[in-house]
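Step one of this worksheet: look at the structure below.
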2 protein chains.
Amino acid sequence: MARPSDTKARIQEVARELFLRQGVTNTSLRQISERLGITKPALYYHFDSREALLRSVIQPLTDDLEAFAAARRPGPPEDLLADYFDLAWQHRDVLMMIVADLSILSELDLVGRMLSWRETLVTLLIGPTAPQRARIHATVAVGGLSDCIVEYAQLPAEDVKKAAVEAALAALHAGS
Amino acid sequence: MARPSDTKARIQEVARELFLRQGVTNTSLRQISERLGITKPALYYHFDSREALLRSVIQPLTDDLEAFAAARRPGPPEDLLADYFDLAWQHRDVLMMIVADLSILSELDLVGRMLSWRETLVTLLIGPTAPQRARIHATVAVGGLSDCIVEYAQLPAEDVKKAAVEAALAALHAGS
DNA sequence: GTCTATACCTAGATAGAC
DNA sequence: GTCTATCTAGGTATAGAC
């Protein structure tokens, strides 16, 4: 056991679990280390800082969002919204963690990237020259859709997806 | 000047300003006291704890939400959504503060009350017996509307209100 | 290469003098 | 009503033993 760097993976697992269950701010390095039966400073051998540890927990989500924004081409809004839903749904646990403590976005300098991903999605939905009214409609669509991910995380994915995407589409096309 | 308890009001002002500008978590009692030219323990004469101080900053919003939920009767969704928009818009600075650090909701035991207000609004919109699909539509509507308050807080209220309410209405009635 | 012991800082909070 | 002094708990980080 404990092939050399099992420990690093075990730290990530425990950190992820505690971050999810009791929030990022309310989880101390001491708790994590005690849970593992090692001392606090031992964590620093594997991670440069608490921030680096947190970053590693969030990375799967940011990687996927980055790839989505980079690879996506304009297309039918229903497909874009559905694919965005699927991506977010896959990472709904980490999303809930972030929503519960949005200050981690600024801590990790993720605010800009988040805005840029959202901007990309909105532009894919309504095009680059749309007026502000359409932009607000798109914000209701994307924002409302995202809220459903977190709010109905424990329901069957397909039910939530169908209803949420149709509502988002309606918001997008409001008054046209 | 400094009628005896000016100081309490001055503390609130400074705390509010710092909480808004740099976030609740990132604002210490030391910063607040230094800004006022008094010492940290002096704050404790006026407020029992940091939490009590934070609570007093948020209170105008919670009072208004409480009154809204208590007094409102079912009516046309466009009126309900418009009135809810107005109320939230009035308190958009405090709302941004909360959104930037949602963990303060659980710190102040406000999660339950928030859910209950939202529940009340949803029920006013779609009635008490509506199926889950309608409930999800309403969540997109209310969630998307709220997102716009925070995202477009610096634009003219009327422009945002018109576009956001019409998109929320469309989401609410999607597929019917 | 892996972890322990330890140092040091800042936070919120309290006691008691003035 | 405000101050000095101090406490405790937690945080990050380093030096060095094994």
Checklist line | Sugar-phosphate, base or nothing in reach of A/N26, heavy atoms under 4.0 Å | finding: nothing

Take atom [atom1] of [X] and atom [atom2] of [N], then tell me their distance rounded to the nearest Å.
X      : N      : atom1 : atom2 : value
A/L36  : C/dT4  : CG    : C1'   : 16 Å
A/E51  : D/dT12 : CD    : C1'   : 12 Å
B/L53  : C/dA11 : CG    : P     : 15 Å
A/K8   : C/dC3  : NZ    : P     : 13 Å
A/I11  : C/dC3  : CD1   : C1'   : 11 Å
B/L43  : C/dT14 : CG    : P     : 13 Å
A/E34  : D/dA9  : CD    : C1'   : 13 Å
A/E107 : D/dT12 : CD    : C1'   : 13 Å

Please determine whether a side-chain nitrogen or oxygen atom of [X] lies at a distance below 4.0 Å from atom OP1 or OP2 of [N].
X     : N      : value
A/Y45 : C/dT2  : yes
B/T39 : D/dC3  : yes
B/R30 : C/dG12 : no
B/T7  : D/dT2  : yes

Item checked: Name of the residue among A/Q22, A/R21, A/R50 meeting side-chain hydrogen bond (donor to acceptor under 3.5 Å, both in side chains) with A/T27 -> A/Q22

Selection from [options] that lies nearest to any side-chain heavy atom of [X]:
X     : options                : answer
A/H46 : C/dC3, D/dT12, C/dA11  : C/dC3
A/A42 : C/dG12, D/dT12, C/dT4  : C/dT4
B/Y44 : C/dA13, D/dT12, D/dT4  : C/dA13
A/L29 : D/dC3, D/dT12, C/dA13  : D/dT12
B/S28 : C/dA13, C/dT14, C/dA11 : C/dA11

Next item on the list: Tell me yes or no: between the side chains of B/Y45 and B/T7, is some donor less than 3.5 Å from an acceptor?
Entry: no

Check: Pick the nucleotide of DNA chain D nearest each of A/P41 and B/I38; which residue has the one closer to the 5' end?
Finding: B/I38

Notebook entry, point to check: Are B/R30 and B/E34 close enough for a salt bridge, meaning some N to O gap below 4.0 Å?
Noted result: yes

Note to self: So that I can tick it off, tell me whether A/R135 and A/E119 are bridged by a salt bridge, with the cut-off set at under 4.0 angstrom between side-chain N and carboxylate O.
What the structure shows: yes

Checklist line | Backbone of A/W89 reached by a side-chain donor or acceptor of A/R92 within 3.5 Å | finding: yes

